Amino acid sequence: MAIEVSPARGFADLRAFVDLPYRLHAGTPWIPPLKLERYQFVNRRLNPFFTHGEAALFLARRDGRVVGRISAHVDHAFNAHHGARWGMFGFPEFEDDVEVVRALLATAEGWCKAHDCDRMVGPWSFSINDEAGILFDGFEHEPLIREVWNPPYYAERLQEAGLEKVMDLFGWGLDISDRANMNPILPKIADRARDKFGITVRRMSRRRLRRDMDEFATVYNAAWSGNWGFVPYSKADLDAYTIDMQLVFDRNWYMIAEIDSKTIAMAITIPDINQVYKKMRGRLLPLGWLHYLNRARITDRVRVGFLGVLPEYQHTGVAALLYLEHFDTAERRPQNRGEASFILETNSAMNRGLEAMGGRIVKRWRVYERLLEEGAVPSQ
């Protein structure tokens, strides 16, 4: 039967859009996020993405039955920063049928062309700072918070539908309590950072978290501005990000490196709330909230979400000092393992650092591209 792709209009369509992965991935390593949070995330009034971007959500149906979904979106802040005309697609979920995938991609491509885009890149939902890529290696592992999990056929069908690879993202597994596999030069570099440059590390606090997030943005925008896919954080983004951080806050893992009270580097590592979501099964009620309140006892792993250094201080060894702080913290806390994920394959410094910590690549995601204009140059 013919596949019909149409915009998600009204609450019934939105519910079908949110519900689809819960049906497709039942009984897999996928961990269902809170449905309430997913509704909020795609809400134009509640997600700050829509202060600098626009998007459309689409559903694919066969004989009235939902068989796939996708978004098409433009991030004007991204395009302004890079002087680009990128369109993006995101939230891809679909049954194992390449015709469904082709229909979804064609619809997203048409939307991007109508918005004067010269290429379509994705998936990311809605930016590379949120959920990015299609998993193509490491299916046996559970996803950590905001990591993408999908069955193996997703990557196969997207490539069969004609998308081209543009970037791979790595997920590094770390046993952060095990110093035996750590490169022995790291403690020496960390000692040099303290002794020669006077670098100290302090923990963030709930009370001044919003102010510290401004410092985070300063470091992030300076350290990552040259990275592929980078988009600067706006004030609205930081306001929303701070609320998210408050919900999972553990001051032991939120670190700021300073010289004479000046912020030069930051590390934000998040206890894996996905372990709590697994028990909540996507719902707060009737008893999901009890698991959330008990999250400190449930989580035994973390996700290293960000570790960055101001460019002018990268020679000081402060990154090694922050690595060591993670080992020291793991000896005191229940969380003694985790992942650093969505690391660009081209980010040699971060990949070398994670290897020096004894990490190993356990997951790989792929971001794809389709050129929409003749003469457009691939973004890699």
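We use all heavy atoms of the structure for the numbers below, so side chains are in, but hydrogens, waters and symmetry mates are not. Just so it is clear, the structure is predicted and the values come from calculations on it, not from any experiment.
Residues passing the side chain to side chain donor-acceptor pair (under 3.5 Å) test with His76 are Glu54, sequence neighbours excluded. Taking Asn183 as the reference, nothing meets the side chain to side chain donor-acceptor pair (under 3.5 Å) condition, with sequence neighbours excluded. In terms of the side chain to side chain donor-acceptor pair (under 3.5 Å) criterion, Arg9 has no residue partners (sequence neighbours excluded).
Looking at Thr329 and Arg203, their side chains come closer than 4.5 Å, going by heavy atoms from C-beta outward.
Relative orientation of the Phe49 and Phe126 rings is parallel, given thresholds of 30° and 60° on the angle between their planes. In this structure, Trp228 and Trp86 have tilted ring planes: the angle between them lies in the 30° to 60° band. Ring orientation note: the planes of Tyr220 and Trp224 are close to parallel, at an angle under 30° on the 30°/60° scale.
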With salt bridge (Lys or Arg N to Asp or Glu O under 4.0 Å) as the test, would you mind laying out the steps for Asp191 and Arg194 before giving the verdict?
-> CA-CA 5 Å; Asp191 288 342; Arg194 293 189 193 96; 3.0 Å; yes
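Remark: Lys35 NZ is packed, more than 12 non-hydrogen atoms of other residues, nucleotides or ligands lying under 6.0 Å away. Counting heavy atoms of neighbouring residues, nucleotides and ligands inside a 6.0 Å radius, atom CZ of Arg297 does not exceed 12 of them.
The stretch residues 306-322 participates, sequence neighbours left out, in no side chain to side chain donor-acceptor pair (under 3.5 Å) pair at all.
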Only pairs under 3.5 Å count here: list side-chain donor-acceptor contacts from residues 350-357, not counting sequence neighbours, and write none if there are none.
| residue | atom | partner | partner atom | Å |
| --- | --- | --- | --- | --- |
| Asn351 | OD1 | Trp172 | NE1 | 2.8 |
| Asn351 | ND2 | Leu344 | O | 3.1 |
| Asn351 | ND2 | Asn347 | O | 3.0 |

Can you give each donor-acceptor pair under 3.5 Å made by side-chain atoms of residues 63-70, sequence neighbours left out, with the distance rounded to 0.1 Å?
| residue | atom | partner | partner atom | Å |
| --- | --- | --- | --- | --- |
| Arg65 | NH1 | Glu95 | OE1 | 3.3 |
| Arg65 | NH1 | Glu95 | OE2 | 2.5 |
| Arg65 | NH2 | Glu95 | OE2 | 3.1 |
| Arg69 | NE | Phe91 | O | 2.9 |
| Arg69 | NH1 | Phe17 | O | 2.5 |

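Applying side chain to side chain contact (heavy atoms under 4.5 Å, CB included) to Pro92 and the options Val101, Ile134, Leu105 leaves one that passes, Ile134.
Ion pairing of Glu339 with Lys363 is present here, as a side-chain N (NZ or NE/NH1/NH2) and a carboxylate O approach within less than 4.0 Å.
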